[in-house]
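One structure follows; several queries about it will come next.
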Amino acid sequence: MKIDLGKNIAPRDIEARIQKFWDENNFWDNDVNSKQTPFCVMMPPPNVTGNLHMGHALDNVMTDIICRYKRMCGFDVLWQPGTDHASIATQLLVERDLSKRGINPHALSLDEKLNYAWKWKEEKGGQILNQLHVLGVTPVWKRERFTMDDGLSRAVTKLFVKMYREGLIYREKRLVNWCPRQQTSVSDLEVETREEHGKFYYFNYPLADGGFIEIATTRPETLFGDQAIAIHPENEKLKHLIGKKAIIPLTDIEIPIVADVHADPEKGTGAVKITPAHDFDDWEVGVRHNLTPVCILTPDAKLISDAPVPEKYRGMDRYAARKAVVEDITAAGLMTKIEDKIIPTPYSQRGGVPVEPMLTTQWFVDAEKLAAPVIAAVEEGKVQFLPEHRYNLFMSWMKNIRPWTISRQLWWGHHIPAWYDDGGNVYVAETEDEAINQSGGKTLTRDPDVLDTWFSSGLWPFSTLGWPDDTPELKRYYPTDLLYTAADIIFFWVARMMMFGIYVMGDIPIKTLNFHGLVRDAKGQKMSKTKGNGVDPLDTVEKFGADALRYFVSTAPIGTDIRYSDEEVKRGSKLLTKLWNVARFVLGNLESFEPTGDAPAVETRPIEDRWILSELNKTIAEVRKNLDKYDSFNARSAIDTFFYDIFCDQYVEFIKDRFWSPEKYGAESVAAAQWTLWTVLRAIIGLYAPFIPFLTEELWQKIYQPYEGGKTLHLTEYPMVNAEYDTDVSDMQYAIDVIKTVRTLRTERKIGNGAKLETLTVPQNVPTALYGLIKSGARANNIVAGDAVDFVVADAGEK
RNA sequence: GGGUGGUUAGCUCAGUUGGUUAGAGCGUUACGUUGACAUCGUAAAGGUCGUUGGUUCGAGUCCAAUACCACCCA
């Protein structure tokens with residue numbers, strides 16, 4: 001055969017060509033009628049407005065490695081792609097875009113806004129999936145779904161109604177986390193606590209019958225909403241005040257002093273003001289003492305323009321009000337002390353401002369009820385966690401789960417299927433007509449709110465397979481096999497999928513959860529937009545190629561963070577070059593060879609041939625074992641060791657002499673080497689295929705396809721252990737040791753590897769059958785037996 | 001305050017059930033362009049495995065305590 005690969009490798013050219021080839025043939029389509037075992041993976045749907053970042057690259061490349069492997073093992077693979085509507089994130093982008101065009105989004109009707117957003121989504125959304133293409137990943141592209149498309153929206157509505165009817169979704173007025181910037185409720189998960197430098201204010205409340213009680217608070221501006229002052233019932237110093245009345249400073253409002261264990265005698269003064277409408281703990285105290293929550297803040301966190309707020313403070317922003325209140329309390333001579341203090345402050349993750357506990361009416365999911373069967377299923381071991389310790393994290397959250405606030409005061413998302421009549425009665429139904437029917441024909445108004453984005457993503461594993469319809473896909477592919485995702489959405493997404501999956505489908509949605517770490521920058525810092533230390537995967541692909549990036553990403557051991565640097569990606573480039581060059585070497589020695597007819601029996605081949613085949617067998621077993629455990633890191637390491645250390649560094653050196661001096665070895669020996677090279681190179685290409693799919697495809701098409709047929713390497717069988725390759729090759733250790741010693745001696749004696757050895761002495765126990773390959777590996781002309789390894793250099797002699 | 005993970009070579013990290021001399025990549029040094037490969041090869045230097053104590057014939061690995069780092073929850 002005569003195949004010329006060309007001296008230089010151009011990864012981007014190869015990748016562009018192969019990508020086009022893959023896109024034109026739907027190689028990765030699943031087959032719902034297949035007789036093969038199904039293997040199903042859900043792509044965590046990226047935000048439709050998003051841009052590819054390293055986290056996506058990690059998820060998707062890792063998933064792709066497993067999907068390609070499974071496909072090559074004969075599985076019917078369904079990798080379901082799609083995007084998420086990302087309620088808040090998208091709404092913000094669209095509103096910003098409108099503002100830029102001089103349109104006030106708040107002046108538009110709901111329909112106008114939605115029209116605009118859909119148009120915007122069609123034009124600019126979804127480019128992230130195109131970006132994913134570049135990485136060479138293999139979801140079933142034609143099955144792409146969007147969380148707000150018709151089918152998925154129908155699933156959301158159906159589930160909401162079902163849960164409402166079964167009492168698992170309810171509407172209630174209670175304290176929720178409120179983002180004053182976006183003016184919507186947010187769930188507990190969307191709140192992050194930041195430690196801030198703040199003040200702890202100590203001041204006196206006058207008592208109705210004379211004297212004072214000193215309290216301490218970090219939020220003096222909420223005092224207009226105070227309903228009580230609490231003292232611990234066993235607080236010896238203060239308990240004599242329980243039952244008396246205090247007067248809120250700057251007002252003449254009287255409030256009771258009550259006994260409650262919430263007031264820690266060790267903290268502050270031991271007396272705390274109770275503002276049930278503006279603090280979660282105070283809310284509980286209020287419930288215990290039957291206090292009326294009085295809300296003194298507007299949705300944008302200004303003091304209300306009404307009683308009980310004194311006129312002076314009405315309409316003030318919460319922080320301006322704090323300043324004014326502190327000044328006025330000080331002026332009134334009531335302030336006793338101001339301390340510096342680190343205050344844990346709850347922030348709205350999306351809004352970036354402190355949230356306010358706000359008394360509003362919202363929709364909730366009774367998460368506790370949904371969690372119980374999840375806990376049971378996980379305890380039964382139905383879900384595998386990788387790494388295992390994530391089990392505890394997941395379970396402790398599940399066991400302490402709280403009601404999930406699912407309504408959002410936004411307009412982009414799934415509108416809640418609830419309608420109200422004039423009397424405020426609620427009708428929950430799949431359609432407006434049905435709701436009107438329920439009401440007996442009244443005029444109804446639809447609930448203006450939308451659902452938390454994670455509500456629809458929680459249905460993803462079955463809604464994308466066709467639920468609520470009873471589709472063959474749903475039967476065949478649910479529950480899904482594997483999810484590769486970041487640990488930071490374990491509660492947001494994974495927990496919800498588990499709850500909905502069991503509730504709707506009666507079974508867990510995913511069998512194995514593989515939580516990966518973060519891709520950090522070279523210094524170990526988290527990549528973030530604000531720090532500007534993020535690396536665009538597409539830039540990396542442009543510089544080094546998608547295969548190199550994939551190779552880098554697969555260095556992430558299960559569950560651990562990895563650090564990105566161009567240097568690390570270059571390792572991938574080096575591998576590609578090495579593979580290219582060794583293929584050239586192999587082809588250069590196969591000119592007199594045609595892989596037709598029968599290969600010589602393995603046991604008849606020289607020991608080094610049998611040795612490399614037996615090493616190959618070990619490697620294949622190791623790689624398969626690890627990939628079966630979804631451990632691509634250790635799988636790839638095993639291939640690397642075989643490819644670099646065993647094949648390139650040793651075997652290739654051992655056989656060179658057979659090609660250089662065929663007359664000394666005979667045609668059979670040369671043919672054995674050729675057959676062995678042919679086999680081993682093919683196995684290496686196959687083993688690496690899931691990791692570096694572009695280059696391996698290119699090499700396969702150029703070298704092996706003409707003989708094997710088929711269209712793509714990636715639908716050929718993954719290399720398998722071959723019992724015929726296991727023969728006794730223990731003598732090889734003699735050769736390996738001798739050559740290692742020769743190389744060391746060369747360095748000690750400052751003799752380059754280029755200089756041939758005239759005579760090499762090897763220990764007498766080295767079998768003469770190894771002399772040929774030792775001569776080749778050590779670059780020696782003659783070989784004799786002696787006491788220890790020694791040599792004489794040709795021409796110049798020893799230096 | 002509660003929890004989880006980590007601490008191994010100059011740097012970034014492997015090290016499976018305790019078992020000879022603890023590995024890799026990068027970096028460093030030396031030599032070398034040889035008929036796959038200078039986007040390279042060969043070799044070398046470099047580690048009391050955070051600390052202390054324990055179990056054991058034997059501990060990077062198991063147990064206890066402790067220090068520091070990171071993350072999660074409150």
Side-chain angles (χ1 to χ4, degrees), chain A residues 5-11 188-189 191-193 195 280-281 344 346 387-397 399-402 486-488 490-491 515 517-518 520-526 543-545 548 551-552 555-590 622 625-626 629 631 633-634 636-638 640-641 644-645 647-650 652-653 655-657 659-661 677 681 739-756 776-779 799:
Chain A
L5 291 178
K7 188 165 167 61
N8 293 312
I9 173 176
D188 296 338
L189 286 176
V191 175
E192 61 183 21
T193 307
E195 306 228 309
F280 288 99
D281 290 329
E388 274 175 35
H389 65 254
R390 295 292 181 193
Y391 173 96
N392 294 323
L393 179 69
F394 179 85
M395 288 299 256
S396 65
W397 191 77
K399 288 177 177 171
N400 296 298
I401 201 160
R402 289 179 291 176
D488 59 357
I490 197 165
F491 308 134
F515 295 102
L518 299 172
R520 297 172 174 276
D521 73 6
K523 292 175 191 155
Q525 300 285 310
K526 211 166 159 175
K543 268 197 260 182
F544 305 105
Y551 186 84
F552 161 69
T555 59
I558 287 176
T560 60
D561 295 350
I562 50 170
R563 299 189 180 196
Y564 176 91
S565 71
D566 279 359
E567 300 310 310
E568 289 297 316
V569 180
K570 278 182 194 160
R571 286 178 65 184
S573 294
K574 285 171 71 170
L575 171 83
L576 303 182
T577 308
K578 188 89 178 167
L579 187 52
W580 185 259
N581 281 314
V582 87
R584 289 176 57 223
F585 167 82
V586 170
L587 292 172
N589 290 302
L590 293 184
E622 178 76 10
K625 185 187 88 189
N626 283 301
K629 292 192 295 189
D631 184 349
F633 168 76
N634 280 308
R636 209 217 60 201
S637 301
D640 285 347
T641 302
Y644 274 99
D645 300 351
F647 183 68
C648 292
D649 291 359
Q650 301 191 65
V652 164
E653 297 305 321
I655 58 168
K656 279 179 176 172
D657 205 44
F659 291 121
W660 294 342
S661 314
L677 281 178
L681 179 65
I739 286 160
K740 167 112 178 124
T741 310
V742 169
R743 284 173 176 175
T744 309
L745 285 175
R746 276 181 186 268
T747 302
E748 279 173 11
R749 299 177 186 181
K750 297 200 186 298
I751 294 158
N753 290 319
K756 283 225 165 172
S776 181
R779 306 181 75 82
K799 285 180 191 166

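Nothing here was measured: the structure is a model prediction, and the numbers come from that model. All values below were derived from every heavy atom in this structure, side-chain atoms included, with hydrogens, water molecules and symmetry-related copies excluded. Chain letters run A, B, ... following the sequence lines, proteins first and then strands; every chain starts at 1.
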Determine the Euclidean distance between corresponding C1' atoms of B:G15 and B:U61; express it in Å to zero decimal places.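 Between the two C1' atoms, the distance is 9 Å.
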At 4.0 Å (heavy atoms only), tell me whether A:D649 reaches a base, stays on the sugar-phosphate, or touches nothing.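 The answer is sugar-phosphate, as A:D649 gets under 4.0 Å only of primed atoms, P, OP1 or OP2.
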Out of B:A30, B:G5, B:U39, which has the shortest distance to the side chain of A:T577?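 Side chain of A:T577 sits closest to B:U39.
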Measuring only the C1' atom in each nucleotide, how far is B:A9 from B:G27? A whole number of Å is fine.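 It works out to 11 Å between them.
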B:G1 - base-pair partner by Watson-Crick or wobble geometry, distances under 3.5 Å: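 Looking at the geometry, B:G1 pairs with B:C73.
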Side chain of A:T747, backbone of A:R743: donor and acceptor closer than 3.5 Å?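 Confirmed, A:T747 side chain pairs with A:R743 backbone.
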Write down the distance between CD1 (A:I655) and C1' (B:U34), rounded to a whole number of angstrom.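 That distance rounds to 16 Å.
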Only pairs with both distances under 3.5 Å count, Watson-Crick or wobble alike; so what is the partner of B:G41 in this structure?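 WC or wobble partner is B:C31.
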Nearest-nucleotide pick for A:R584, side chain only, options being B:G5, B:A14, B:C37: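 When the side chain of A:R584 is considered, B:C37 is the closest of B:G5, B:A14, B:C37.
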Mind calculating the distance between CZ (A:R636) and P (B:C13) to the nearest angstrom?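 Spelled out: CZ on A:R636 to P on B:C13 is 15 Å.
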How are the rings of A:F491 and A:W397 set to each other: parallel, tilted or perpendicular (split at 30° and 60°)?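 It falls in the parallel class, under 30°.
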For the backbone of A:A778 and the side chain of A:R746, can you confirm whether one donor and one acceptor N or O come within less than 3.5 Å of each other?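 Yes; at least one donor-acceptor contact below 3.5 Å.
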Out of B:U12, B:A36, B:A14, which nucleotide sits closest to the side chain of A:E653?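 Nearest listed nucleotide: B:A36.
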Nucleotide nearest A:K740 when distance is taken to its side chain, options B:C31, B:A44, B:G25: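 Between B:C31, B:A44, B:G25, the one nearest the side chain of A:K740 would be B:A44.
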Classify the nucleic acid contact of A:K578 as base, sugar-phosphate or nothing, counting any heavy atom under 4.0 Å across all strands shown.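 Base contact.
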Quote, to the nearest angstrom, the P distance that separates B:G19 from B:C63.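 Taking atom P in both B:G19 and B:C63, they lie 15 Å apart.
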Of all heavy-atom pairs between A:D561 and A:L518, which one has the smallest distance, and what is that distance?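 So the minimum-distance heavy-atom pair works out to OD1-N, 2.7 Å.
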Nearest-nucleotide pick for A:T747, side chain only, options being B:U16, B:G25, B:U42: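 The closest nucleotide is B:U42.
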Of the options A:V582, A:L587, A:I655, which is the one that meets A:L677 in a side-chain contact (heavy atoms from CB on, under 4.5 Å)?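 Of the listed residues A:V582, A:L587, A:I655, the side-chain contact (heavy atoms from CB on, under 4.5 Å) partner of A:L677 is A:I655.
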Compare the minimum distances between each of B:A43, B:A14, B:U12 and the side chain of A:R743, then state the nucleotide with the smallest one.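 Looking only at side-chain atoms, A:R743 lies closest to B:A43.
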Distance check, C1' atoms only: B:C40 and B:U21, in whole angstrom units.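 Going atom to atom, C1' in each nucleotide, I get 30 Å.
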Name the residue closer to the 5' end of RNA chain B, choosing between A:R563 and A:L393 according to the nucleotide with the nearest heavy atom.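 Comparing both residues, the 5'-ward one is A:R563.
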Any idea which of B:A36, B:U34, B:A44 is nearest the A:R779 side chain?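 Nearest to the side chain of A:R779 among the choices is B:U34.
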Between B:A36, B:A74, B:U39, which nucleotide has the shortest distance from any of its atoms to the side chain of A:C648?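 So the side chain of A:C648 is nearest to B:A36.
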Using whole Å, report how far CG of A:D640 lies from P of B:C13.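 For the pair A:D640 CG and B:C13 P, the rounded distance is 18 Å.
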For nucleotides B:G60 and B:G54, find the distance between their P atoms and express it as a whole number of Å.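 These two P atoms come out 15 Å apart once rounded.
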Given atom CG of A:N589 and atom C1' of B:C37, what is their separation to the nearest angstrom?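 Nearest whole value for this atom pair: 14 Å.
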Out of B:U4, B:C72, B:C31, whichever nucleotide has its closest atom nearest the side chain of A:F491: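 Of the options given, the side chain of A:F491 lies nearest B:C72.
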Euclidean distance, atom OH of residue A:Y644 to atom P of B:A36 [Å, nearest integer]: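 For the pair A:Y644 OH and B:A36 P, the rounded distance is 17 Å.
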Mind checking if A:T555 touches a base, just sugar-phosphate, or nothing, with heavy atoms under 4.0 Å?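 Answer is nothing: A:T555 stays at 4.0 Å or more from every strand.
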I'd like the P distance from B:C62 over to B:A14, given in whole Å.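 Pairwise P distance, B:A14 against B:C62, rounds to 15 Å.
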Please determine if a side-chain N or O atom of A:K574 lies less than 4.0 Å away from the OP1 or OP2 oxygen of B:C26.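 Yes, A:K574 has a side-chain N/O under 4.0 Å of OP1/OP2 on B:C26.
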With respect to the side chain of A:K656, which nucleotide from B:A36, B:C72, B:A30 is positioned closest?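 The nucleotide sitting nearest to the side chain is B:A36.
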Suppose you measure atom P in B:G46 against the same atom in B:A24; what distance do you get, rounded to whole Å?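 That atom pair is separated by 15 Å.
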Closer than 4.0 angstrom, basic N to acidic O: yes or no for A:D640 and A:R636?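 Here A:D640 pairs with A:R636 in a salt bridge, since their nearest N and O are under 4.0 Å apart.
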Just how far, in rounded Å, is P of B:A14 from CD1 of A:I562?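 A:I562 atom CD1 is separated from B:A14 atom P by 11 Å.
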Atom-to-atom span, CG of A:N581 to C1' of B:C40 - whole angstrom: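 The distance from CG of A:N581 to C1' of B:C40 comes to 9 Å, rounded to the nearest Å.
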So what does A:F659 hit on the nucleic acid, given a heavy-atom distance under 4.0 Å: a base, only sugar-phosphate, or nothing?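 No contact at all - A:F659 keeps every heavy atom at 4.0 Å or more from the nucleic acid.
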If we call it a pair only when both distances are under 3.5 Å in a Watson-Crick or G-U wobble match, what pairs with B:A24?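 Check on B:A24: paired to B:U12, both distances under 3.5 Å.
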Does B:G47 have a Watson-Crick or wobble partner in any strand here, with both distances under 3.5 angstrom, and which is it?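 Its partner: none found.
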Output yes when a side-chain donor or acceptor of A:Q650 lies under 3.5 Å from a complementary backbone atom of A:D645, and no otherwise.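 Looks like yes, one N/O pair under 3.5 Å.
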Separation of A:L518 atom CG from B:C69 atom P, in whole Å?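 Going from CG in A:L518 over to P in B:C69 covers 20 Å.
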Mind running side-chain contact (heavy atoms from CB on, under 4.5 Å) on A:D566 and A:K543 for me, showing each step along the way? CA-CA 9 Å; A:D566 279 359; A:K543 268 197 260 182; 2.7 Å; yes
Remember a base hit wins even if backbone is also touched, and classify A:P387 as base, sugar-phosphate or nothing at under 4.0 Å, heavy atoms.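 Answer is nothing: A:P387 stays at 4.0 Å or more from every strand.
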P atoms of B:A59 and B:G32, separation to the nearest Å: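 Between the two P atoms, the distance is 45 Å.
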Could you check A:T193 against A:S661 and say which one's nearest nucleotide on RNA chain B is further toward the 5' end?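 Its nearest nucleotide lies further toward 5', so the answer is A:S661.
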Does A:R520 put a side-chain nitrogen or oxygen below 4.0 Å from OP1 or OP2 of B:C13?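 No, because none of the side-chain N or O atoms of A:R520 sits under 4.0 Å from OP1 or OP2 of B:C13.
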